[in-house]
Amino acid sequence: MLLGTVLVLLLAGAAPASAHAALRSTDPDDGSLVRQAPRHVTLTFTESVGLLDDSFRVFGPDQRRVHTGEATHADGRSDTARVGLPGKLAEGTYTVAWRVVSADSHPVSGAFSFSVGKRSATTGQIDTGPAEDPLTRGLYDGARYLAYLAAALLVGTAAFALLCRPAHTAPLRRPLVAAWWTLLGSTAVLLLLRAPYEAGTGPAAAFDTSALGRTLTGRPGLALLARLLVLLLTAAFLLWLSRRRDTVKRPVALAIGTALAAALALTWAAAEHASAGIQVPVAMTSSVVHLLATGVWLGGLVALLLTLRRSSGDDLVEVVPRFSRIAFASVTVLAVTGLYQSWRGLGSLSALSGTSYGRLLLAKLAGVAVLLLVAGYSRRWTARIAAPAVPARAAVPVPVPQPVGAPAEGHEAAEEPGTDGPGTSAEAESPAEPRSPDGPAGPGAGSGDPGIRRRLRRSVLVEVAVAAVVLMITTVLTGTLPSRAEAEAAQQAPVGALPPTTEITVPFDTGTDSVTGSGKVLVTLDPARVGENGLQAVVYGSDMGLVAVPEVRITFTLPSREVGPIDAELVDRGGYWSTNSVNLPLAGDWTMKTTVRVSDVDQVSVERRVRVEP
């Protein structure tokens with residue numbers, strides 16, 4: 001089987017094209033010295049970007065956070081991001097940290113600096129915004145992988161049933177239903193995890209209703225909603241087809257099924273790599289066709305496995321050659337679209353070994369080479385099933401010697417109706433060449449050999465396993481910065497220095513036995529300096545898992561100056577609590593009082609010392 005070639009394309013095709021936004025320019029320029037304070041900061045990217053609530057964080061010469069306005073697109077251009085600055089800025093060096101979501105649905109971040117009037121020294125390490133949460137990223141990538149697998153199985157199984165026309169489709173119903181439910185579930189998980197994935201926060205933020213609302217208005221969220229709608233239509237189509245299978249014409253079923261499969265593939269192409277970079281219309285068309293060909297081939301292999309296990313030999317004589325022709329067409333399509341998308345993402349041959357994207361692509365090609373070897377072995381047994389067997393030699397009439405004086409009745413008996421003449425009765429057939437009890441062997445006699453079917457089934461099973469591994473590499477590749485975009489980003493490498501954040505761990509125990517009755521609160525204060533600060537509190541239960549509690553309240557008091565308490569006024573973000581506007585007016589050792597309420601009657605307050613720098 002040619003599955004290997006197919007996945008060259010799965011490799012190259014499902015792989016990202018020129019995607020991930022790269023910062024093209026900043027205004028003010030990185031490292032520039034301006035005479036007058038700018039009224040806003042503007043970033044221009046290589047492609048359109050989405051904005052977050054905390055897309056900009058600006059720090060002044062004293063490393064205090066500067067109050068900024070809401071992030072917007074400059075002049076309505078989707079490839080820009082802009083934030084307003086206060087009317088008066090002190091002289092010195094300012095650092096800007098930014099985080100946006102590129103058009104291919106992946107978040108990108110960075111930092112740069114500029115100076116007003118004169119330059120001033122800055123210290124600390126670069127902070128490009130919220131760190132990526134490994135648990136959120138792992139769950140999100142796992143859901144993406146399941147979605148790819150389920151879509152391929154759904155499309156391929158349905159296509160196999162409609163195009164190869166096996167005599168018995170009952171064995172295909174279970175994988176078809178499993179694929180539909182898996183794709184539905186993984187899509188719902190992706191929709192919930194989209195907001196924390198973009199913001200770099202923990203999975204508990206998935207239940208923040210305001211963040212989910214923002215997700216549903218962005219391109220990736222709309223694409224996922226469209227996928228759910230297509231899945232509902234697909235379920236209705238499959239139910240209608242199963243109930244009216246004998247009356248529905250096959251061309252009609254094929255047309256409807258193709259339209260639904262194309263719409264499903266479009267939900268990937270419209271929100272991921274094909275929708276960004278160069279030649280977007282061609283890339284999106286190529287991506288849709290590539291995903292369909294991948295599904296027909298990979299899902300078809302699974303369907304073929306089930307058919308080999310359940311169907312009769314006579315059925316395989318027709319089914320296997322049909323699938324072989326469909327697989328060859330799919331491989332051809334995958335080769336063309338895969339080469340195009342590889343060129344689009346790679347940019348140059350030197351990037352094959354010099355970039356992470358190129359090395360992953362090489363790993364995929366190695367997997368494809370293994371697939372080709374297994375496919376050649378499978379094709380050998382496919383030919384044995386489809387090839388006609390050599391027909392049995394015709395029986396040669398052998399005259400039966402008659403004893404001298406034999407009665408005439410013996411001769412007449414040899415010519416009774418139903419015989420072909422003298423010497424052709426069962427008794428007259430040559431014992432050296434007996435007639436087969438099933439008649440002469442017909443085409444595809446190898447399909448009745450259990451040994452051949454077993455060997456073909458095993459080789460196809462190996463193909464499916466290797467293909468699943470290659471698809472996993474593809475999932476990682478789709479989240480990797482393409483070489484072409486990496487080269488563009490290298491031309492603009494803004495740098496800057498930001499003050500480090502301060503993390504405080506606050507253990508608590510309300511005296512109850514529940515999981516939420518005790519645990520700890522991880523508080524992050526940014527930048528822990530005089531002026532405006534950002535604060536985030538994440539609550540962990542006694543089992544060290546994230547938990548949601550009714551209330552978290554944090555206040556700050558400076559006993560030495562009799563200042564406070566200052567309420568941080570935390571907002572519940574759906575599993576964690578945060579604010580961007582805690583104003584601490586004086587330097588010194590502040591007392592941070594954290595109150596955790598786990599029920600209507602159970603709460604506890606814990607105090608910790610926090611150093612606020614000038």
Side-chain angles (χ1 to χ4, degrees), residues 37 53-54 56-70 83-97 116 120-125 127 129-130 497-510 519-540 549-573 576-598 602-614:
D53 286 344
D54 205 18
F56 286 94
R57 299 163 64 226
V58 182
F59 295 86
D62 54 2
Q63 295 193 351
R64 300 174 187 173
R65 189 164 179 174
V66 177
H67 181 74
T68 59
E70 183 180 358
V83 67
L85 298 175
K88 294 183 179 180
L89 292 178
E91 290 186 339
T93 300
Y94 290 79
T95 304
V96 180
V116 178
S120 59
T122 56
T123 60
Q125 297 180 345
D127 183 354
L498 296 179
T501 60
T502 297
E503 290 188 353
I504 309 100
T505 300
V506 182
F508 68 91
D509 189 349
T510 61
K520 67 179 181 179
V521 182
L522 182 61
V523 180
T524 303
L525 186 63
D526 175 18
R529 290 186 176 273
V530 172
E532 191 171 82
N533 287 260
L535 189 147
Q536 177 175 294
V538 182
V539 184
Y540 296 87
V549 296
E551 182 182 14
V552 175
R553 183 180 180 185
I554 295 179
T555 60
F556 293 88
T557 305
L558 185 59
S560 62
R561 304 291 293 271
E562 298 183 354
V563 177
I566 299 174
D567 193 344
E569 298 182 357
L570 296 177
V571 177
D572 185 2
R573 304 295 184 184
Y576 72 101
W577 302 73
S578 70
T579 180
N580 290 323
S581 56
V582 180
N583 194 346
L584 303 178
L586 298 171
D589 293 325
W590 289 72
T591 298
M592 183 182 74
K593 182 179 180 180
T594 304
T595 301
V596 181
R597 181 167 63 86
V598 299
D602 297 312
Q603 71 175 39
V604 64
S605 297
V606 182
E607 294 184 352
R608 284 290 183 273
R609 292 283 184 178
V610 178
R611 178 65 183 177
V612 176
E613 300 295 336

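What you are looking at is a predicted structure, and each value in this text was computed from that prediction instead of being measured.
- E551 meets the salt bridge (Lys or Arg N to Asp or Glu O under 4.0 Å) test with R597; sequence neighbours excluded.
- Heavy-atom minimum distance, G92 versus P61: CA-CG, 3.6 Å.
- A distance of 8.0 Å separates OG1 of T594 from CD1 of I504, quoted to the nearest 0.5 Å.
- With hydrogens and angles ignored, the 3.5 Å screen pairs no side-chain donor or acceptor of R529 with any backbone N or O of R64.
- Distance CG/L85 to NE2/H67: 11.0 Å, rounded to 0.5 Å.
- Annotation for P507 and T505: closest pair CD-O, 3.5 Å, computed over non-hydrogen atoms.
- Annotation for G69 and V83: closest pair O-CG2, 3.3 Å, computed over non-hydrogen atoms.
- Atom CZ in F508 sits 11.0 Å away from atom NZ in K520 (nearest 0.5 Å).
- The only option from V598, V521, D572 that meets the side-chain contact (heavy atoms from CB on, under 4.5 Å) definition with V549 turns out to be V598.
- The structure places CG of L570 at 5.0 Å from CD1 of I554, a figure rounded to the nearest 0.5 Å.
- Taking the salt bridge (Lys or Arg N to Asp or Glu O under 4.0 Å) definition, one finds that E613 meets it with R611, sequence neighbours left out.
- A heavy-atom distance below 4.5 Å is found between the side chains of M592 and V506.
- The two residues P585 and V530 have their closest heavy-atom pair at O-CG1, 3.2 Å.
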Would you give me the side-chain donor-acceptor pairs under 3.5 Å for residues 556-567, sequence neighbours excluded?
unit_1	atom_1	unit_2	atom_2	d
D567	OD1	E569	N	2.9
D567	OD2	R553	NE	3.3

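- With rounding to the nearest 0.5 Å, the separation of NZ in K593 from OG1 in T595 is 5.0 Å.
- Note that the OG1 atom of T524 and the CG atom of N533 stand 12.0 Å from one another [nearest 0.5 Å].
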### Task
Could you give me the CA-CA distance, side-chain angles and deciding distance for R609 and T591, then say whether side-chain contact (heavy atoms from CB on, under 4.5 Å) is met?
CA-CA 5 Å; R609 292 283 184 178; T591 298; 3.4 Å; yes
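- Between V612 and L586, the shortest heavy-atom distance links the atoms CG1-O, 3.8 Å.
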